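Each remark here refers to the structure printed beneath this line.
The shown structure was predicted, so the numbers you read here are calculated from the model rather than taken from an experiment. Just so we're on the same page: letters track the sequence lines, and every chain starts at 1.
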Amino acid sequence: MKKMRILSWNVNGIRAIQKKGFIDWLLTEDPDILCLQETKAAPEQLSEELLNINGYKSYFSSSIVKKGYSGVAIYTKQEPIKVEHGFGIPKFDDEGRIVVAEYKEFVLINIYYPNGKKNEERLQYKMDFYEAFLDYSNKLVKKGKKLVICGDVNTAHKEIDLARPKENSKVSGFLPIEREWLDKFFSHNYHDTFRMFNDEPENYSWWDQVTRARDRNVGWRIDYFFVSDNFKKNVK
DNA sequence: TCGTATGTCGC
DNA sequence: AGGGTTGCGC
DNA sequence: GCGACATGCTAGCGCAACCCT
């Protein structure tokens, strides 16, 4: 299999980053596949330039529950064999969090997992989403598919994965039940690819904007690339 | 959410 | 059509 | 009188909806 480079980015508004030079950035960065989360737009709201970037096919999944909310996208040089937009469960598909692209060599799953901070209901939704996702991915593996899963998981796994573990042990994003689900996920033989190469602390993927936490590197590692065991040997 | 201020408890 | 304000979500 | 812990206050961004002109 030829070498491919896959990137993932929670953009917090694709129309906002377009104004800040996203298209030029993508053409310069030149990945084989780019996965975006929190695009906050339906494809009908996007310009032609954003839908048809030179050299890329684009696929979007957007929320039908609320405008300007959630949303994911894939930009891909190679055209997938098949693209799907959910697990087949309306409750989880309708918020536009899932886009799945099947290639000959693997299946790419790009997900913006729910945030559980708002209230107990949303935390339960997040946990239910996690379970539905695990069912979905396990079924694909059982069928012999090789999986590459990326996105904003909204949970830090271990103390090493955030700057303030003690202070956040009762906050959604680092709750015992959320962390235990990740334990369970990994026990099903999926791998956290970053930790295959790096076991150092202070490696984060998200910083609070309000408190300008990035300046002090007070962050969380909540965005991941996972792979199924049958694809692990291909990760470089 | 982070950092800080302020209050309460246990000892 | 476009600015200002408010509310939501992260 | 001190540590451990709880509670209240705080502050950017992007987007939608609504008002106004």
*With distance as the sole criterion, is a donor-acceptor pair present between the side chains of Tyr59(A) and Thr76(A) under 3.5 Å?*
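Note: Tyr59(A) and Thr76(A) side chains miss the donor-acceptor criterion.
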
_His157(A) and Asp183(A) side chains, donor-acceptor separation under 3.5 Å_ =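 Yes.
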
*When you get a sec, tell me which of dC8(C), dT1(B), dG3(B) is the closest nucleotide to the side chain of Arg216(A)?*
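Nearest to the side chain of Arg216(A) among the choices is dG3(B).
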
*Of the nucleotides dC8(C), dG14(D), dG12(D), which has the atom closest to the Lys40(A) side chain?*
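So the side chain of Lys40(A) is nearest to dG14(D).
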
*Under 4.0 Å between any heavy atoms, over every strand shown, what does Phe174(A) touch: base, sugar-phosphate, or nothing? Just pick one.*
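Here Phe174(A) touches no strand at all.
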
Euclidean distance, atom [atom1] of residue [X] to atom [atom2] of [N] [Å, nearest integer]:
X: Lys118(A); N: dG7(C); atom1: NZ; atom2: C1'; answer: 12 Å
X: Lys20(A); N: dC13(D); atom1: NZ; atom2: P; answer: 8 Å
X: Asn10(A); N: dG9(C); atom1: CG; atom2: P; answer: 17 Å
X: Asn154(A); N: dC10(C); atom1: CG; atom2: P; answer: 8 Å
X: Arg212(A); N: dC10(C); atom1: CZ; atom2: C1'; answer: 17 Å
X: Asp208(A); N: dG9(C); atom1: CG; atom2: C1'; answer: 13 Å
X: Trp206(A); N: dC10(C); atom1: CH2; atom2: P; answer: 12 Å
X: Asn12(A); N: dC15(D); atom1: CG; atom2: P; answer: 7 Å

*What is the pairing partner of dC9(D), taking Watson-Crick or G-U wobble pairs with both distances under 3.5 Å in any strand?*
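dC9(D) is paired, partner dG3(B).
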
*Compute the centroid of each ring, for Phe185(A) and then for Phe226(A), and state whether the two points are separated by less than 6.0 Å.*
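Here the rings of Phe226(A) and Phe185(A) have centres that are less than 6.0 Å from each other.
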
Given the [atom1] atoms of [N] and [M], what is the spacing between them in whole Å?
N: dT1(B); M: dG9(C); atom1: C1'; answer: 14 Å
N: dG8(D); M: dC9(B); atom1: P; answer: 15 Å
N: dG14(D); M: dG3(B); atom1: C1'; answer: 25 Å

*Student check: side-chain heavy atoms of Tyr125(A) and Arg122(A) closer than 4.5 Å*: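 Side-chain contact under 4.5 Å: yes.
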
*Where is the tightest heavy-atom contact between Leu51(A) and Ser58(A), given as atom of each residue plus distance?*
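Heavy atoms only, the tightest pair is O-OG, 2.7 Å.
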
